[in-house]
Asks: 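Okay, here's the structure, questions in a sec.
Because the structure is predicted, anything quoted here is derived from the model rather than measured.
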Amino acid sequence: MILGLGPLELVVIVVVILLIFGPKNLPKIGSALGKTVKNVREGMEEGDDKDEKSDSPIESHDDVEVIEDEDDADAPEEASSDAIFCSKCGAKNAADAEFCSKCGNKLN
């Protein structure tokens with residue numbers, strides 16, 4: 001017994017499949033079914049491999065090159081001299097801001 005089906009039930013299923021798809025399409029259907037089962041098994045094995053690899057440390061990306069813009073290098077210094085600090089929360093705001101970006105308090 002395969003999957004709880006007896007030989008008579010299997011013959012009936014094969015006959016119904018032959019009537020629906022015809023004998024010319026059975027090899028195509030069998031091939032597609034075989035590929036599907038193979039892909040599912042490979043996917044399950046791949047999932048097991050990923051679980052084992054998850055214990056490994058994160059790979060570093062030392063080959064990434066950081067390019068600094070010369071104009072942006074001076075930006076924090078300039079912003080600090082033009083910044084206005086909120087009297088209520090102490091947050092740093094742009095010089096032309098009327099209200100604090102953090103708490104909404106009106107700046108003097």
Side-chain angles (χ1 to χ4, degrees):
M1 281 177 40
I2 300 173
L3 299 173
L5 300 174
L8 183 62
E9 288 91 0
L10 291 174
V11 170
V12 170
I13 291 172
V14 170
V15 169
V16 170
I17 291 174
L18 274 170
L19 290 173
I20 293 173
F21 297 108
K24 293 180 181 178
N25 292 329
L26 281 183
K28 294 177 186 176
I29 294 170
S31 175
L33 183 63
K35 288 178 184 179
T36 302
V37 170
K38 180 182 175 186
N39 288 338
V40 169
R41 286 184 182 170
E42 288 175 354
M44 291 174 66
E45 290 174 1
E46 187 175 303
D48 293 340
D49 293 344
K50 285 183 182 178
D51 292 340
E52 294 171 4
K53 290 180 183 178
S54 65
D55 296 335
S56 64
I58 298 174
E59 296 178 13
S60 64
H61 297 285
D62 295 332
D63 58 342
V64 176
E65 182 180 341
V66 178
I67 301 173
E68 294 183 16
D69 189 7
E70 293 176 11
D71 296 335
D72 291 342
D74 297 332
E77 295 172 7
E78 293 173 7
S80 63
S81 63
D82 297 331
I84 298 175
F85 292 93
C86 177
S87 59
K88 185 175 180 182
C89 68
K92 186 177 182 181
N93 295 284
D96 58 345
E98 293 182 27
F99 296 94
C100 177
S101 60
K102 185 175 181 183
C103 68
N105 187 37
K106 185 169 182 169
L107 301 172
N108 295 336

Asks: First locate atom CD1 of I29, then atom CD1 of I17, and finally report the distance between them rounded to the nearest 0.5 Å.
Replies: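 Reported value, rounded in 0.5 Å steps: 7.5 Å.
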Asks: If hydrophobic clusters are built from ILVMFWY residues whose side chains come within less than 4.5 Å, do L26 and V12 share one?
Replies: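 Per the 4.5 Å side-chain linkage, L26 and V12 are co-clustered.
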Asks: Quick check: do F85 and N93 have side-chain heavy atoms less than 4.5 Å from each other?
Replies: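 F85 vs N93: side chains apart.
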Asks: Say whether, by atom type as modelled, one donor and one acceptor occur between the side chain of S31 and the main chain of P27 under 3.5 angstrom.
Replies: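 No, S31 side chain to P27 backbone: no donor-acceptor pair under 3.5 Å.
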Asks: Is there a side-chain contact (heavy atoms from CB on, under 4.5 Å) between F99 and L107? Walk through the geometry before answering.
Replies: CA-CA 5 Å; F99 296 94; L107 301 172; 5.7 Å; no
Asks: With V16 as reference, evaluate V14, I20, L19 under the side chain to side chain contact (heavy atoms under 4.5 Å, CB included) test and give the passing residue.
Replies: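 With V16 as partner, side chain to side chain contact (heavy atoms under 4.5 Å, CB included) holds for just one option, I20.
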Asks: If I compare all heavy atoms of N105 with all of S87, which pair ends up nearest, and what's the gap?
Replies: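 So the minimum-distance heavy-atom pair works out to ND2-OG, 3.8 Å.
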Asks: Would you indicate whether E42, at its atom CD, is surrounded by more than 12 heavy atoms from other residues, nucleotides or ligands within a distance under 6.0 Å?
Replies: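 Yes.
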Asks: Could you state the interatomic distance from CG (N39) to CD (E46), rounded to the nearest 0.5 Å?
Replies: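 N39 atom CG to E46 atom CD measures 10.5 Å (nearest 0.5 Å).
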Asks: State the CG-NZ distance between D82 and K92, to the nearest 0.5 angstrom.
Replies: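 Going from CG on D82 over to NZ on K92, the span is 10.0 Å.
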Asks: Contact between L5 and I13 at the side-chain level, heavy atoms closer than 4.5 Å - yes or no?
Replies: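 The answer is yes, as the side chains (C-beta and beyond) meet within the 4.5 Å cut-off.
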